[in-house]
There are 2 protein chains.
Amino acid sequence: MSQQRHGSTPGNGPGERAGAVTAFPDLPEATIARLPEYLRALHNLGEAGGDTVSSEGLAAAAGVNSAKLRKDLSHLGSYGTRGVGYDVALLIEQIEYVLGLDQRRAVCLVGLGNLGHALAGYDGFASRGFKIVALFDADASKVGEEIQGLLVRHIEDLGRVAVEENIAIGVIATPADAAQAVADVLVDAGVTSILNFAPCVLSVPANVDVRKVDLAIELQILSFHEHRKASLTALPGGRSAPAGNQEAVGS
Amino acid sequence: MSQQRHGSTPGNGPGERAGAVTAFPDLPEATIARLPEYLRALHNLGEAGGDTVSSEGLAAAAGVNSAKLRKDLSHLGSYGTRGVGYDVALLIEQIEYVLGLDQRRAVCLVGLGNLGHALAGYDGFASRGFKIVALFDADASKVGEEIQGLLVRHIEDLGRVAVEENIAIGVIATPADAAQAVADVLVDAGVTSILNFAPCVLSVPANVDVRKVDLAIELQILSFHEHRKASLTALPGGRSAPAGNQEAVGS
DNA sequence: AGGCGCTTGTGAAGGTGTGCACAAATCGCG
DNA sequence: CGCGATTTGTGCACACCTTCACAAGCGCCT
């Protein structure tokens, strides 16, 4: 959500093999958002030694229900075996292919404040298909600094470096009032996907995808549920739950 | 999305009255997720001096379309004036009330690695209704360190401090393999809302809300769209947007 | 006072996503 | 070789969300 429409190719037959240069299954947005979670779960299971997983098992590991998982995977084609389950290695390969993770993608990060520093050092990127290849900031006092072995450059160099390094994804970790200007620079540099941590909306051309992560919004949503829970427990019979530790979902 | 059941009250029929005794509008989840965005936009508009906003104007500032915005707001009640628009101050007050932001909420943060440090210093929390009142880590070498004027305590103290400080929201910024244990501790300490940055699924009792933010997943979703776009431009007749800067206001 | 333009609030239609329940497919075993 | 246990893939019904289109309400101007 919060994205713009995604054109979908004309009607490509679903049955067709993957690998086709062109044929791209047009997956529901909701499914796409879950594939990375399945991928993570599969990697865990793979290290744990299993060769195959049932939809039930994988669903539990990914925190969804099994019917949904099966439907999601069926959109990619038929990579399971009835009566057996899914081949872990094969499924990993397929999902990585669909997500375009078979090639390591170059990412640049703009804004090296508190959050930017943390992102630059976050190893979850490197381990999951991405490589931060350049850091930018507008603040001259930060330019030249070295973080995680990468030099912070001035944002003026972004255009040139983006082309040199073939950067298609940019991460914005600047204050809100600088974000739109940065987005404009990124777009002009040919970046077509932006991950925005600044609390503001960005205007970009239709061919550019933007995803937004706003930490405060997440907390506010939780706050709502707190508020709601409080207003419920205030009324009905005594007290809230006994705080036991009943592990709702099977771990 | 990615949340567990929001059990609502028991099996309240659909049509049935909304506001339980407490009269709480039972808002669609999708609406709740957008309210914080409206709130932010309203604060911006308020500072810009406007007394009232039209649904069109607010929608643009929040990055949604106006019909959706009106429907969302209509769920809270009628706080607009036909022919005029919405009173900015009044609407801010209402949304803050619904989100439970009229009281500042105490938050604790567990895990002070790279990301944890950044979160501890993120001023977006303080400015939007939250206060980080305690920091915890399991690593003895971090305990005692002072970050942003707050002492890092050992996680063993979490239970006691959580009660003393009346903490209802916990943020997990630990590695994935520690996250479940931390969640268990939080739950035992009476925390009923968790924001999880660790890339793993958490098992918690049904009365606890969990929201997950996974930075790598966001990138992987963008990667998919990159992949798709690449496989499209490879085929059709010439193309590639002119990179102009045409402000295609996001939908 | 009355009419006119503007903007909200909402019924209804269409689309997307979810979950159930079951047929189809596969394996292992006697 | 056939049977039963198991597990995938999917048709269908339902719930949720989005979008359109318009009536109802409000303020302003004459």
Side-chain angles (χ1 to χ4, degrees), chain A residues 1-8 14-15 25-35 37-38 42 50-88 90-91 94, chain B residues 1-8 11-16 18 25-35 37-38 42 45 50-88 90-91 94 250-251:
Chain A
M1 55 190 54
S2 87
Q3 265 24 61
Q4 39 244 63
R5 206 68 6 249
H6 289 304
S8 90
D26 92 64
L27 304 169
E29 200 66 25
T31 295
I32 295 162
R34 282 187 296 264
L35 288 180
E37 195 70 47
Y38 301 156
L42 282 165
D51 272 5
T52 62
V53 224
S54 68
S55 63
E56 201 78 41
L58 181 52
V64 302
N65 83 34
S66 65
K68 199 187 309 199
L69 179 127
R70 287 200 300 277
K71 185 152 292 187
D72 282 342
L73 294 187
S74 77
H75 285 123
L76 314 185
S78 245
Y79 294 105
T81 307
R82 292 165 193 242
V84 179
Y86 298 91
D87 180 289
V88 173
L90 175 61
L91 197 49
Q94 271 307 314
Chain B
M1 59 210 61
S2 89
Q3 261 27 59
Q4 38 241 67
R5 208 69 8 238
H6 270 140
S8 55
N12 257 309
E16 213 33 64
D26 91 62
L27 304 169
E29 198 67 26
T31 295
I32 295 161
R34 280 187 297 264
L35 288 180
E37 195 71 44
Y38 301 156
L42 282 165
L45 292 170
D51 271 6
T52 62
V53 225
S54 68
S55 63
E56 201 78 41
L58 181 52
V64 302
N65 83 36
S66 65
K68 199 187 309 198
L69 179 127
R70 286 200 299 279
K71 183 146 288 188
D72 282 342
L73 294 187
S74 78
H75 285 123
L76 313 185
S78 243
Y79 293 105
T81 307
R82 291 158 129 104
V84 178
Y86 298 92
D87 181 289
V88 173
L90 176 62
L91 197 50
Q94 271 308 313
S251 77

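Chain letters run A, B, ... following the sequence lines, proteins first and then strands; every chain starts at 1. Computed from a predicted model, the values in this text were never measured in an experiment. All heavy atoms count here, side chains included; hydrogens, waters and symmetry mates do not.
In this structure, Arg82(A) does not reach the dC22(C) phosphate: none of its side-chain N or O atoms is under 4.0 Å from OP1 or OP2. For the OP1/OP2 pair of dT8(D) and a distance below 4.0 Å, the side-chain nitrogens and oxygens of Ser55(A) include at least one atom meeting the criterion. Here Asn65(B) reaches the OP1 or OP2 of dT19(D): one of its side-chain N or O atoms lies under 4.0 Å away. Side-chain N/O atoms of Tyr86(A) include none lying less than 4.0 angstrom from OP1 or OP2 on dT26(C). OP1 or OP2 of dG9(C) lies within a sub-4.0 Å distance of a side-chain N or O belonging to Ser78(B). In this structure, Arg70(A) does not reach the dC20(C) phosphate: none of its side-chain N or O atoms is under 4.0 Å from OP1 or OP2.
Residues Tyr79(B) and Leu73(B) fail the side-chain proximity criterion, which asks for heavy atoms closer than 4.5 Å. No side-chain heavy atom of Asp87(B) sits less than 4.5 Å from a side-chain heavy atom of Thr81(B).
Toward the 5′ end of DNA chain C lies the nearest nucleotide of Lys68(A), the other residue of the pair Val84(A) and Lys68(A) mapping further downstream. Both Ala67(A) and Ala30(A) lie near DNA chain C, and the one whose nearest nucleotide falls closer to the 5' end is Ala30(A).
Distance Leu58(B) CG to dT7(C) C1': 13 Å, rounded to the nearest Å. Look at CD1 on Ile32(B): it is 13 Å from C1' on dC17(D), rounded to the nearest Å. In this structure, the CG atom of Asp87(A) is 16 Å from the P atom of dT7(D), given to the nearest Å. Rounded to an integer number of Å, the gap from CG of Leu69(B) to P of dG9(C) is 10 Å. In this structure, Glu56(B) places its CD atom 11 Å from P of dC20(D), rounding to the nearest Å. Rounded to an integer number of Å, the gap from CD of Glu29(A) to P of dG15(C) is 18 Å. The separation between Tyr79(A) atom OH and dT7(D) atom P is 22 Å, rounded to whole Å. Summarising the geometry, the separation between CG on Asp72(A) and P on dT18(C) is reported as 7 Å, rounded to the nearest angstrom.
Taking CG of Leu91(A) as the reference point, atom OG1 of Thr52(A) lies at 11.5 Å (rounded to 0.5 Å).
Heavy-atom contacts from other residues, nucleotides or ligands closer than 6.0 Å to CG of Asn65(A) number more than 12.
Minimum atom distance to the side chain of Pro28(B) is reached by dC17(D), of the listed dG9(D), dC17(D), dT8(C). Which of dG9(D), dG11(D), dT7(C) sits closest to the side chain of Lys71(A) comes down to dG11(D).
Every salt bridge (charged side-chain N to carboxylate O under 4.0 Å, His left out) that Arg34(B) has, sequence neighbours left out, goes to Asp72(B).
Contacts of Thr31(A) with the nucleic acid, taken as non-hydrogen atoms under 4.0 Å apart, are absent.
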